Amino acid sequence: MSTLNQASLRGVSAGRKVKDRIVQVLVYVAFLLAVIPLLSVLWTVVSKGAKRFDPDFFTHSLNGIGANDAGGGAYHAIIGTVEQVALASVIAIPIGVLTAVYLVEYGRDSRLAKLVSFFVDVMTGLPSIVAGLFILAFWLLLLGFSYSGFAGAMALSILMMPTVVRAAEEMLKLVPNDLREASYALGVPRWRTICFVILPTAFTGIITGIMLAIARVMGETAPLLLTVFVTSAINNNPFQGPQMALPLFIFDQAQRPNDVAINRAWAAALTLIVIIMLLNLVARVIARLRKPVSR
Amino acid sequence: MKIGTRLAALGGVALAGALSLTACGTDDNGGGNAAASGDCVKSTVNAAGSSAQANAMSEWIKGYQQSCPGSNVNYNPSGSGAGVQAFTGGQVAFAGSDSALKPEEHGPADARCKSGKALDLPMVGGPIALIYNLKGVDNLQLSPKTIASIFAGKIKTWNDPAIAKDNSGAKLPSTPIKPLHRSDDSGTTDNLTKFLLATAPDVWKFPGGKTWPSAAGGQGLKGSDGVSTGVKQGDGTIGYAELSYATNGKLQTAKVQNGSGQFSEISSDTASKAIAGAQVSGQGNDLALTLDYKAKDGYPIVLVTYEIVCEKGLPDEQAKFVKSFLNYTSSQQGQSILSGLGYAPIPDAILTKVQAAVKGLS
Amino acid sequence: MTSETLEQGATGSLGERGRRLSTGRLGDRLFGISARGSGILLLLIIAAIAVFLIAKAVPALKADKANFLTSQEWNPDAAQPRFGVLQLAWGTLLSSFMALILATPVAIGIALFIAYYSPRRLASGLGYVVDLLAAVPSVVYGLWGLQFFVPKMASVANFLHDHLGWIPLFGGDNVGGQSILTAAIVLAIMILPIISSISREVFLQVPRANIEAALALGATRWEVIRMAVLPFGRSGMVSAAMLGLGRALGETIAVAMVLSTAGGISLRILKPGGNTFAANIANTFGMAGNLGRGALIASGLVLFVITLLVNMLARAIVARRKEFV
C-alpha cells in the first residue's frame, strides 16, 4: 500500500529499523520461494506440452486413434471439462455463497450456523474419490442413472462447496459494519443490503475463492473416473452418456507406454492450465470493472 | 441481484464459449469411412477394467471401427477390481481383469448376468519384463532364485556371486542393487510374486498377491510408467513392468531362466509359448487359466488379461455388440496386432476355445 | 422466525440490537429462507456422505480380523482380512502438518509481499502468478515431482543425512528422494496458493484507518503489520491454513506418485516409506475387491473424523486467542 512508504520511517531507532528490514527480506524471500517451484512446474509443462499444442489437438477427439498412433486430440476432453465444471459451478456457487451469507449475516450465533460452519470445515478434508464414490452409490446405483457429465459435476460440486463457503465467509466477515448500518439506516431491506452493498464489497475476495475452487476441481481425476466414465469420442451432451475430461485424459495418456500418448498428456496439462488462467483473468477483469470500493 | 447477474454473466460467457466450441470439433481421425462390412454391430458400449490391456483396447477399437464405422467402446482403464465392480453393478457391458473371477466374486457376477453366467475369457497375454539399469552390463541373465533374492533384499550388490553364477563371464560392477516395485496394487505384481512363490519358495517367503509385500523392502513407484521412470533415472536399479514400457523407455531387460533351465529372452513369442503351458481351470465356457510359472518353454513371467462377459442375459443390443467385438478381438486378425504392442497373442490351443465361447454368447 | 442475533462484527458493532431473520417483507423472507436453506442443504449433503461412508464401512469393519485402529497392516482382500489405519493416520498427519508448517509462513509472507511490499502496480499481477500454482492439476504435480523433484531431493536427503544424520529425524539407512519429506514439500507447494490467496484478500480488507493510526504513531512497516494487519487477519489466516490443511489431508494422486509407500511408522522423514489415507486409496482402489473397497471407505471415514478433530482444535485455538486481541 502506498501509504506505507519509507517516509514514515524517519526518526526510528536502529533496532526497529533493523527488524523492519529483516522482515522485509523475509517477505521477499517467501515470495521468491514460491516462484521457484512455480517456474519449474510451468517450464516442465510448457516445454513438454508444446510438442502437441497444435490445431489438431484442439479440433480432434481421440476416436479411432490406435495405441501407437500419433495425432488425435483432446477436443472431447476440453468440451467435457468445460461443461462439467460449468455445471458444478452452477450448483456449488449459489449454495456456497448463500450458505456463507447465512453464516455471516443471519445466524452467527445460532446452533445451526455453528453446525454448518463446523461441518463445512470437515468437508474440506474429504478425499476427492470419496465424493465420487458417494455419487456413484447414490446417483448411479441407488437412483439408477447412467454415467454422465452431470454425475461428475455433482461430485465436483461437493468438492467445490467448502472452499466457496469458507472463502466467502471470511470475506463477508470483513465487510465493515458501518456499511450495513448505513444501509439499514436508509431503510433498505435486508436482502437488498446484502445483494447490493455487502456482496459487492466482498466481491473480489469471493471471486478469488470461487476461482480457487474451480481451479481445484478442474484438475480432479478420481471422482470423474467413477461418475463420468471415459470415452474417446465427442459427446456434447453432459446429461447423457459417458464424457471425457482433461484430467481423465491426462491420467489415461500419461500412463501409456508410448511417447506420443505421453506428449498428448502434457499438452492436455498445458491446456488445462491455460483454461484456468483464462478463467482467472476474466474473473479478475470483471471484478476490477465492477469494484465498488476503490482502495 | 447485481452479484448474481455478474456471476450469471460469467457463467454465460463460459456456456456460450462451450456451445460455440461444440461446433468445431471432429471425431474423424482419418479412420476411413468404409461402408460397414462383414460382422458389424453399430453400437457403443461401456467397458472398464485392467489398465494393462488399455493399449490393446485402443488398437482393437480402431481396427473394429475400420470395418464398422460409428461403433465404439468406451474403455475405462480404472483397474481390474474397479472393472469387476462396475460389471457386477451392471454399469458396463464387459470388464477387463488381470485375474479370473474369484469364487466369491463369481456369485454376484453371475447374478448380474441374470439368465446366464459370467465367463472369464483370456484375450491378451503379456510378458512382464525385468527392467534394469546397470552401466556396462548388457545381457543380464537371472534365475528365479536370484530374482527372488534381489527383490527380497537378500542380495545387495550387483557383483554378488549368485548373479555372477547366472552370468558366467560377465563383468559385474559392485554397484548396490536398488530394487523397485509397484506401490499401487497391480496384476504385474500379482503375477511376479506368484512366479517367485512357485519357483523359489525357499527364498521368497512372502505371500503372492496384487500388493507388494512391504516386508520385502525396496522402493515403490506408482504405475508401470513410474517404475520405468525410476529405472531410467537411477544406476543399479531393477524393476518390473509390461514389455511395452521397456520398449518405449529403451530399457534393458533381463533374460529369465525357465523350467527347463534355459535363459529365455523376453518377447511376444516366448511369452505365448509359456502361456501355452497353462491349464484351463474354469468350467464349461469359463476359461480361467492356471498359469504354469515353471513352463519348460518360453519366457516364464507372464500375465493374462481376461475379458469378463455375460454368457447370456445382457440387453439384446449390447449382447450383439459384445459378441461381435470379441469375435474380432479373438480372431487371428485381432490377435495379430498384439505382438506389435508388446503383448503376447493367446496361443492357438486356448484361442480356439475362446473363439468357441464367444460364438456361444447371446 | 427466531431471534438469531448477528454477531458483533470484527470492526464495528451493531450494539445489542437483535436482528431477525426476516423483517416481514417478501424479498427478505425469500432471501433469508434460501440462505438458511442452503446451509441446511449443505448439512444434509454432509450427513448423507457420512451415512454412506458408515453404511459401506460397517461390513468391512465387521470382517476385519485385526484391530482397525491400531493395526498397521492393509490386507482387506485376503482370505483372513486384516487391515488397520494406524500407519495411514500417522503418515497423513505427519506429511500434512509438515506441509502446513512449511507452507503457512511462506504463504503469509507472499500475501504480505503482495499486499504491502510489492509495487502497487505489480501487486495484482503477482497475485495472479501465485494463483497459477493453484491452477496446476495435481497429476501434473505428481509427474513433475517424480521426474524432476524426486531426483533433486535424493541429493538433498543424502546431504542432510550425511551432515545431520545424528538427529533421529534425518537418520535411518537408505535415505532417498521418495520420502515423506518430499511428499510434504510437494503438498506445501500445492497448498501455498490457497493459503496465500485468502490471506492476501484478508490483508487487503484491513481498514485504512487502522493502518493510518499505526503510522501516525510512528510505526515502521513491520510494526504496522504486526499491530494492525496481523491481528485483524488472524481468523482469516487460520481459516486459510485450515483450508490448506484440508487439501493436504485429502490430496491423493500427487502423494501417491511421489511417495514410495511402505509399511511401518517412523519419524525418519528422509526414508522412503510411509503412506497416507488418500494415497492408499489411489494405490489400491483400482484393484480392490468388495471388501477392499469397504475397507478403503472405512479409512475415508477415519480421515473424515481426523479432519473433524483437527478443525475443532483450530477453532478452539482461534477462540482462545480472540480474548487477548
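The chains referred to below are lettered A, B, ... by the order of the sequence lines, with proteins before strands, and numbering in each begins at 1. Computed from a predicted structure; not experimentally measured.
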Does any heavy atom of chain C fall under 4.5 Å from the side chain of [X], the backbone, both, or neither of them?
{"X": "A:Thr193", "result": "neither"}
{"X": "A:Ile129", "result": "side chain"}
{"X": "A:Ile158", "result": "side chain"}
{"X": "A:Met218", "result": "neither"}
{"X": "A:Leu246", "result": "neither"}
{"X": "A:Leu38", "result": "both"}
{"X": "A:Ala254", "result": "side chain"}
{"X": "A:Leu42", "result": "side chain"}
{"X": "A:Leu226", "result": "side chain"}
{"X": "A:Val41", "result": "both"}

Should C:Gln147 and A:Lys48 be marked as a side chain to side chain donor-acceptor pair (under 3.5 Å) after you check the CA-CA gap, both sets of side-chain angles, and the distance that decides it?
CA-CA 12 Å; C:Gln147 297 179 357; A:Lys48 297 195 179 197; 2.8 Å; yes

Check against side-chain contact (heavy atoms from CB on, under 4.5 Å), C:Ile297 and A:Val130:
CA-CA 7 Å; C:Ile297 289 174; A:Val130 172; over 6 Å; no

Looking at A:Leu115, A:Leu32, A:Leu159, which makes the most heavy-atom pairs under 4.5 Å with chain C?
A:Leu115

Between A:Tyr106 and C:Arg36, is any pair of side-chain heavy atoms under 4.5 Å apart?
no

Quick one: are C:Ile45 and A:Met161 in side-chain contact, heavy atoms under 4.5 Å?
yes

Which of parallel (below 30°), tilted (30 to 60°) and perpendicular (above 60°) describes C:Phe113 and A:Phe31?
parallel

Contacts of C:Thr104 that satisfy side-chain hydrogen bond (donor to acceptor under 3.5 Å, both in side chains) - sequence neighbours left out
none

CA sep, side-chain torsions, deciding dist, call: C:Thr220, A:Arg16, side chain to side chain donor-acceptor pair (under 3.5 Å):
CA-CA 7 Å; C:Thr220 63; A:Arg16 288 169 59 203; 5.2 Å; no

Once salt bridge (charged side-chain N to carboxylate O under 4.0 Å, His left out) is applied, what residue pairs with a partner in residues 201-223 of chain A remain, sequence neighbours excluded?
A:Arg216-A:Glu220

For C:Ser38 against A:Pro94, the heavy-atom pair lying closest together
OG-O, 4.5 Å

A:Val120 and C:Leu42: which non-hydrogen atoms are nearest, and at how many Å?
CG2-CD2, 3.1 Å

Residue pair C:Phe52, A:Leu133: steps toward the side-chain contact (heavy atoms from CB on, under 4.5 Å) verdict:
CA-CA 9 Å; C:Phe52 154 76; A:Leu133 277 169; 3.8 Å; yes

